[in-house]
Amino acid sequence: MLEKVKQISQVEQGEREAKEERDEREELRELRRLRLEKLEQLRENNVEPYGGKFVRTHLAREITGHFALHQDKRVAVAGRLMARRVHGKTTFADIQDISGRIQIYLRLNDVGEDAYALFGKLDIGDILGVEGKVFQTRMGEVTIAVEKFTLLAKSLRVLPEKWHGLKDVELRYRQRYLDLIMNPQVKETFIVRSKVIHAIRRFLDQKGFLEVETPMMHTVAGGAAARPFITHHNALDIDLYLRIAPELYLKRLLVGGLEKVYEINRNFRNEGISTKHNPEFTMLELYQAYADYYDMMNLTEELITTVAREVLGTTRVSYQGEEIDLSPPYRRVTMLEAVQEYTGLDFSALEDDQAAARAAAELSMEVEPADTWGSLLNRVFEEKVEAKLIQPTFVFDYPIEVSPLAKRKKDQPRLTYRFELFIYGREIANAFSELNDPVDQRVRFQQQAEKRLRGDEEAHMMDEDFLTALEYGMPPAGGLGIGIDRLVMLLTDSPSIRDVILFPLMKPRD
RNA sequence: GAGCCAUUAGCUCAGUCGGUAGAGCACCGGACUUUUAAUCCGGGUGUCCUGGGUUCGAGUCCCAGAUGGCUCACCA
């Protein structure tokens with residue numbers, strides 16, 4: 001009995017020590033503790049630290065950019081306190097809002113002792129509303145002479161350093177809000193992203209395209225060669241796939257008579273993460289009935305140049321030190337020509353799979369038994385050519401093996417009416433004359449199914465429901481997909497896809 | 001999945017040969033009524049990523065792990 005009591009008291013002691021250690025650690029976070037105390041003090045002095053609506057008359061930039069218009073005018077601005085320079089009975093500070101920063105100036109004589117003391121208790125990071133008259137300092141800085149200010153939100157955490165900003169890449173992604181507060185270029189990038197998407201919508205709407213939304217959760221993951229994420233619907237007790245592409249649903253809409261449709265939304269692919277890949281990413285897909293892939297090339301050129309002009313005001317962009325000219329026409333080259341140009345190898349002269357395998361081996365490529373003329377042509381292109389296509393280049397007529405949803409070329413049955421657009425060695429767009437022959441499509445699915453049986457998890461799945469739709473008759477059509485994230489990377493000179501996705505996927509930290 | 005690199009105060013970073021951890025900003029106290037990376041005086045606030053090991057002694061050396069970055073692989 002005594003033993004047991006002893007044991008319990010030992011356990012209790014251990015718990016107590018652990019708790020004391022926690023308390024001690026909590027106490028060590030002095031900066032935050034100090035701010036919590038300030039919060040209490042504010043409330044004791046009847047200052048509400050978390051305000052409500054504040055009516056602003058101007059954004060910072062509107063005032064600083066047009067001083068003459070606002071001189072001596074009374075204005076109200078709101079934003080985050082980003083810097084403070086105290087000179088005894090006067091204080092300068094900087095307020096940051098969506099448009100930028102503006103300096104404010106407080107004098108004890110103007111605001112009174114209580115308010116001046118309160119301002120001294122504020123912290124960098126607090127959100128305020130200020131009212132006062134616009135003037136220019138001796139040094140020429142457009143400034144608001146504060147008559148009144150209101151605390152709108154007390155900050156309990158210390159912002160990153162004012163001069164170097166937030167550099168730690170991990171923190172920038174995990175706490176993007178801090179990145180946005182501290183690094184103006186980051187905010188600019190995401191504003192550009194928003195404008196790009198808006199410009200695309202405007203462009204397509206004007207051309208008579210209808211924006212639609214198709215399912216994100218699929219019972220068959222189709223429309224691309226990729227491994228899907230799997231989720232589960234409890235009530236129906238079925239597994240579902242997060243979509244890897246909207247393609248097969250958008251084509252069903254062509255069957256239904258929606259002749260020009262597009263969707264801008266997320267795709268999910270359960271694959272590796274890199275500077276060019278995020279598990280969820282944004283795609284534009286569009287389909288136009290009675291068009292073909294040449295129409296899609298023209299549309300792609302027009303879309304990209306329109307967006308670049310509207311958003312950046314130019315079609316010449318600098319990407320990672322490389323000058324890229326986005327003005328049309330873009331170079332157009334068949335895959336066969338491109339491979340010949342960069343390797344000297346004329347694939348069109350190779351009669352069969354064996355000849356292709358021998359030729360590929362001579363280029364010191366690994367050849368596998370399952371490889372065919374088309375798969376090798378594609379691989380030689382990917383390995384020897386792709387990275388060299390810096391200026392915008394349409395590469396067209398892709399092998400049929402790697403294009404199970406594209407229409408077969410009439411005169412060259414080993415190829416399809418398909419192109420991809422490359423810029424800076426990266427695939428930006430993918431398009432084809434859509435396969436609308438249900439019998440051919442069934443054969444293609446069957447070939448893909450065989451690849452799946454052989455262990456290719458990225459091969460397309462058979463989609464009977466889609467085939468049924470095609471059997472009702474789908475108009476011939478051109479289809480186009482553009483990776484929005486990659487386009488935005490190009491237009492914002494961002495080296496990583498994570499720089500253009502607000503919250504890229506990160507592993508949880510403990 | 002593989003290789004290389006990084007992880008030290010809230011942030012940006014030093015830290016020598018293994019000898020008990022520093023700077024700037026931010027913060028706290030004081031001075032200052034047109035500054036602007038304000039300035040001047042005083043104050044260091046820490047799970048040195050985590051866990052083992054070597055050692056009299058580890059931020060530092062070794063092993064394992066975590067997270068992140070880059071490159072490659074895969075892919076769009």
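Everything numeric in this text was worked out from a predicted model, so none of it was measured. Quick note: numbers below take in every heavy atom, side chains included, and nothing from hydrogens, waters or symmetry partners. Protein chains get the first letters and strands the later ones, always in sequence-line order, with residue 1 at the start of each.
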A:Arg84 side chain near B:C27 phosphate (N/O to OP1/OP2, under 4.0 Å): yes
Donor on one side chain, acceptor on other, A:Thr91 and A:Tyr116, under 3.5 Å: yes
Closest nucleotide among B:U67, B:U34, B:A38 to the A:Lys162 side chain: B:A38
Any A:Lys38 side-chain nitrogen or oxygen under 4.0 Å from OP1 or OP2 of B:C28: yes
Side-chain donor-acceptor pair present, A:Thr282, A:Arg193, cut-off under 3.5 Å: yes
Residue A:His87, side-chain atoms from C-beta onward, closest of B:U35, B:G69, B:C27: B:U35
Side chain A:Arg85 and base B:U35 donor-acceptor under 3.5 Å: yes
pi-stack flag for A:Phe92 and B:A38, centroid dist under 5.5 Å, interplanar under 30°: no
Distance test, side-chain N/O of A:Arg138 to OP1/OP2 of B:U35, below 4.0 Å: yes
5'-most by nearest nucleotide on RNA chain B - A:Thr90 or A:Pro160: A:Pro160
A:Pro495 or A:Trp163, whichever maps to the more 5' nucleotide of RNA chain B: A:Trp163
Pair A:Tyr173-A:Asp168, side-chain donor/acceptor within less than 3.5 Å: no
Side chain of A:Val86 (C-beta onward), nearest among B:A76, B:C32, B:U12: B:C32
hbond_proxy A:Asn109 side chain to B:U33 base (donor-acceptor, 3.5 Å cutoff): yes
Sugar-phosphate, base or nothing in reach of A:Arg227, heavy atoms under 4.0 Å: nothing
From CA spacing to verdict: side-chain hydrogen bond (donor to acceptor under 3.5 Å, both in side chains), A:Thr214, A:Arg243: CA-CA 10 Å; A:Thr214 62; A:Arg243 75 177 187 191; 3.2 Å; yes
Any donor-acceptor N/O pair under 3.5 Å between B:U35 base and A:Gln103 side chain: yes
Residue-phosphate contact under 4.0 Å: A:Lys276 side-chain N/O, B:A76 OP1/OP2: no
Residue-phosphate contact under 4.0 Å: A:Arg35 side-chain N/O, B:G10 OP1/OP2: no
B:U35 OP1/OP2 closer than 4.0 Å to side-chain N/O of A:Thr143: no
CA sep, side-chain torsions, deciding dist, call: A:Arg332, A:Glu301, salt bridge (Lys or Arg N to Asp or Glu O under 4.0 Å): CA-CA 11 Å; A:Arg332 298 183 183 198; A:Glu301 283 177 345; 3.6 Å; yes
